[in-house]
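Heads up: the structure comes next, in structure tokens.
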Amino acid sequence: MDEKYFPKKVEQKWQRIWAESCAFEAEVDAEKPKFYALEMLPYPSGNLHMGHVRNYSVGDALTWYKRLKGFNVLHPFGWDSFGQPAEDAAVKRGVNPREWTEDNIVAMRGQMQRMGFSYDWRRQMFAHRPEYYKFDQWFFLKMYEMGLAYKRMTQVNWCSHDQATLSNEQASGGLCWRCGNPVTKKDLEQWFLKTTAYTDQLLDGLAEIEAGWPASVIKRQSDWMGRSEGAFVDFEVKATDDSLFYCPIVDGLTSASDLGKKRIRVFTTRVDTIYGANAIVLAAEHPVIQANLDTFSEAVSEKIAHIRVENTRPTDHEIEIEKDGIDTGLAAVNPFSGEELPVWVGNYVMMEYGTGAVMSVPAHDERDFEFAQKFGLPIRRVILETYTIAEQAPEIVDVIGDEHERNEYRSELRETTTDIEEADDSRRIRGVGRETGATNLERQTASAGGDAVERRSDLGMAVEDERERQRSVAFTDYGFLINSGEWSGKSSYDAKTEMAARAASGGFGEAATTYRLRDWGISRQRFWGSPIPIVYCDSCGIVPEKYENLPIRLPDDIPITGTGESPLAKVADFVETQCPKCDSPARRETDTMDTFVDSSWYFFRYLDPSNDEMPFDPEKAAYWTPVDQYIGGDDHAVMHLIYARFWTKVMRDMGLVKFDEPFKRLLTQGMVVGETFFDDETGKKLYHMPGTVTVTRDAKGKIASAVSADGKPLKFGIERMSKSKGNGVDPDEMVEIYGADAARLFILFAAPIENELVWNEAGIEGAVRFLQRVWRLVRKWEPTLLGPPAVAGGFTSISKYAGEVEIDNLQPPATAGGSDRKLRRKTHQTIKRVADDFDDLQFNTPVAALMELSNAIGDFEVEPENASEDEVAAVREAITALTLMLTPYAPHTSEELFAVLIGNDNGILANGARFPEYQEDLAKADEVEIPVQINGKLRSRLMAQPETSNEELEKMAFADEKVREYTDGKEIVKVIVVPKRLVNIVVR
RNA sequence: GCUGGGGUGGCGGAAUUGGUAGACGCCCAGGACUUAAAAUCCUGUGACCUUAGGGUCGUACGGGUUCGAUUCCCGUCCCCAGUACCA
């Protein structure tokens, strides 16, 4: 073995051996448990950035671990290679999108391979190649047959200057990203996939995967789909001149009963507040408004037109839009109270959600409150909060609310009530025998030590102020109904359900559920995507292509200008075709599919990448899928992960797969950010590489000033690392300077995987140092180490490449208690820690454990030349285990060291080696340290056998000199002994 | 605003889920080796006090529960992320 560790040499050697031995190629093998490890596929921008490296380093570490644990691991890679950047490059530089994409893939694959990631490259998929997008089209046709793909009019962002459709990002701020002209909305016919047909399944399925997914992702998906349970309520409309009023009957929005009544339907989640309604507010686009525009006064019509125009303006998220609206002069009757309410148009009501009409209840809804205040509408309170009620009925307090609220009340109730009852309804708790109600302020005063009587008199004013403040905002919680006719006195929470039922039985509404999730618009007026396989025929209409005509190929060479409608529309060869039904001349659809289509099912293509008939063989899918672990950035928490889940459910309904959820477990890794320095004169950004920037820092480690190599002061900040930001560390450079193993080790050690990672150069140097230390250790012991490997589990089954290697199952040395015994204990404790952490998907803490083990080997008192057989055995076991466990972080280095250990250069780790086995009897400590506390303060420590009884420990504690100091002459109140943990003596 | 997640040394972060707070690494300081430097190795490294044995404080802040709280409960402040008038 080389005296020094040369990462580059080692890495190139093992990358070659792995490739030659096809080490990472996996096939279906019913005998072995499978593990499908998947990382989100990248867009081939041309450069790997550190975010990618982090993502693939985690995935690869897990892959190595599972492989060493004996799983048949599938670890594939592919390219999300359709999409806008290729078209932008074509526009800007006149390059061919296909060539540009292919070149980028070649460059990035080279970078990936230099990092040494263990992929089965045979299974690589490319979204932009016809062999793949053929099946995008295949799925589209299937969904069309299933009624899940349909076409309808919708609005797109449109730049009339460039004659181009724009994505929301390209139209941000309401201006075209290219020419800066204002963006308008344009109606276009677009294809949609019916994701809404699966909304409930997508929501309910979250429960199935909840345990394996980050809570934040589950939450965001659930919010995105936005299920709200509530009720529809129909309000009868009255106009001053009824004969002029026209109520179009629109499904779900309005209704006309047999009595000829004209009704507007509102959606509300809080029917219980309906007695507090002061108006009905409609969206400007509401059909009832639009149908009756001529009956309104000119001022009203103008205002409505104005609101409508304002609504189409793309909104800037930062600015809160001021409430606006107008009274139409129409009236509507509250079906519960019989009260007549004015009908308004309001800019805060959206046509796209619910029914485009709301009942305005200012006392109990913040938006309605704001609206009522602005226009001087009456505000009537119909719910009182629980506390106020409690004063009237002091025996029983019902608390209805979320977990947090209930906790808050529960802890207060403990002080003031004799009994707490947890009701069956998990949302409620009930305190019995409560003394008094109290406001927040009173409770705080009380807990600060105020006397009850004094509190009431002295703080009376303050309490009133507090109550007044509460009246000045909308009260949106549940409570008890007042001013609500026959419902007064009821709990509003219960009334909500009962009132919805009343609406249904009275024929003026029903319980209803609405969703935020819309159908998925997949049409893109772009070139670089899968063509939608549809033909328009003058006689047959919309005709799906025949399966045998797939793939509908993209033309090879077409001018791309970035303006005008879909570029494909300009290619006559593409557009002109024959009707698949009647063979007469017809036109092709020229829109292409959203690239999210490609990423919705790519992970199934890996299972069967060259299948020409089907997207994949269902039998192969039955073995490999679902994905056991998916890893990627949380920027895909919503769209991609909902679409992929939707696609899976559709495939299940098509009979291709037999499960509901594609990803059992999801890991979202945090961003990699870097300190970025700006040269003020040139505007250039620099990443802080050694020697390029001199930095001074303040006491907190924050940058105080930065100076470039040539002495110029620089500006600085922290930004996401990427090529486009100009602050990306180039992975190739990392590999060149430090080696791939060190880069991977550092990136996994530096922070928990879900945290943001601030890249710093000193840290990676630490990783190199650690690898060098391990290298030196092995070299130091090398003369004594040759022979069969020395750890149980190390080598059970060995592949054809490496040859058979015997297991050397060491027995614990007879002379327990020496330094060898200590090292063996550390070795086995480490094995347990590392395996447990990997199983928990923790990648930073095992490194610390491995460093400790390596330090322990380094601290071994005996030199190799004087070591006894047992001592050599202990060291050999420790080094063998260390090397094996280091593999997921530094596979090249581990292979090289392992080859030294066993004298076999064939790549044993990649070809059948096993993770070391933890042996409990060896890990067990001979002695444990027992801290002794007096009144909870640490005063002394005892050494004891782990099996020492509680009584014995107590006796030992009292015998301790230091303990005596604190206990002599004191009364012993209590002694707590926690076995193997501690002794706490309470004295007075 | 709302929702979710957080707040532990100079820094990244540990802590068996209620039981010795600060593992491991980085930075920094001192020492050994060297003609010298680099590399390497050793020592120290939460704060304050100290009679050198230790003592006191310390996990954003204020309370509570407990023999014991970074961990559980309540309140306050701050940071990050998501979201945006979703009725």
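In the text below, chain A, chain B and the rest are named by the order of the sequence lines, each starting its count at 1. Just so it is clear, the values below take in all heavy atoms, side chains as well, and ignore hydrogens, waters and symmetry mates.
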OP1 or OP2 of [N] sitting under 4.0 Å from any side-chain N/O of [X]?
{"X": "Ser216(A)", "N": "rA81(B)", "result": "no"}
{"X": "Asn855(A)", "N": "rG25(B)", "result": "yes"}
{"X": "Arg769(A)", "N": "rC27(B)", "result": "yes"}
{"X": "Arg833(A)", "N": "rU16(B)", "result": "no"}
{"X": "Lys974(A)", "N": "rC67(B)", "result": "yes"}
{"X": "Asn844(A)", "N": "rA14(B)", "result": "yes"}
{"X": "Lys4(A)", "N": "rU40(B)", "result": "no"}

Reckon [X] touches a base, only the sugar-phosphate, or nothing at all at heavy-atom distances under 4.0 Å?
{"X": "Asn347(A)", "answer": "base"}
{"X": "Val281(A)", "answer": "nothing"}
{"X": "Asp368(A)", "answer": "nothing"}
{"X": "Glu852(A)", "answer": "sugar-phosphate"}
{"X": "Val986(A)", "answer": "sugar-phosphate"}
{"X": "Arg941(A)", "answer": "base"}
{"X": "Phe749(A)", "answer": "base"}
{"X": "Tyr5(A)", "answer": "nothing"}
{"X": "Glu929(A)", "answer": "base"}
{"X": "Arg516(A)", "answer": "base"}

Practice problem: Please evaluate the base of rU40(B) for a donor-acceptor partner in the side chain of Gln772(A) within a cut-off of under 3.5 Å? | Solution: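 No.
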Exercise. Would you kindly check whether a donor in the side chain of Arg981(A) faces an acceptor in the base of rU16(B), or vice versa, at under 3.5 angstrom?
Key: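 By the distance-only test, yes, there is a pair.
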Which nucleotide in the set [options] lies at the smallest distance from any side-chain heavy atom of [X]?
{"X": "Val978(A)", "options": "rG54(B), rG13(B), rG19(B)", "result": "rG19(B)"}
{"X": "Arg939(A)", "options": "rU56(B), rU40(B), rA87(B)", "result": "rU56(B)"}
{"X": "Asn755(A)", "options": "rG13(B), rU40(B), rG82(B)", "result": "rG13(B)"}
{"X": "Leu982(A)", "options": "rG19(B), rG55(B), rA87(B)", "result": "rG19(B)"}

Quiz prompt | Arg220(A), Arg227(A), Lys219(A) screened by salt bridge (Lys or Arg N to Asp or Glu O under 4.0 Å) with Asp223(A), the one that passes | solution =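 That would be Lys219(A).
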Self-check item: Donor-acceptor pair between Tyr275(A) and Asn334(A) side chains, under 3.5 angstrom
Solution: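 No pair is found: no donor N or O on one side chain lies under 3.5 Å from an acceptor on the other.
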Practice problem: Inspect the surroundings of CD in Glu961(A) and state if more than 12 heavy atoms from other residues, nucleotides or ligands are less than 6.0 Å away. | Solution: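 No, the 6.0 Å shell around CD holds no more than 12 heavy atoms from other groups.
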Practice problem: Can you label the angle between the Phe267(A) ring and the Tyr353(A) ring as parallel, tilted or perpendicular, going by 30° and 60°? | Solution: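 The arrangement is perpendicular - the two ring planes meet at more than 60°.
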Quiz item: Thinking salt bridges, do Glu852(A) and Arg833(A) make one under a 4.0 Å N-O criterion?
Solution: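 A salt bridge links Glu852(A) with Arg833(A).
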Exercise. Kindly state whether the ring of Phe6(A) and the ring of Trp775(A) have centres lying under 6.0 angstrom apart.
Key: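 No; Trp775(A) has its ring centre 6.0 Å or more from that of Phe6(A).
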Quiz item: Where each residue is assigned the nucleotide of RNA chain B containing its nearest heavy atom, which of Asp859(A) and Met851(A) is assigned the position nearer the 5′ end?
Solution: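 Here Met851(A) is the residue nearer the 5' end.
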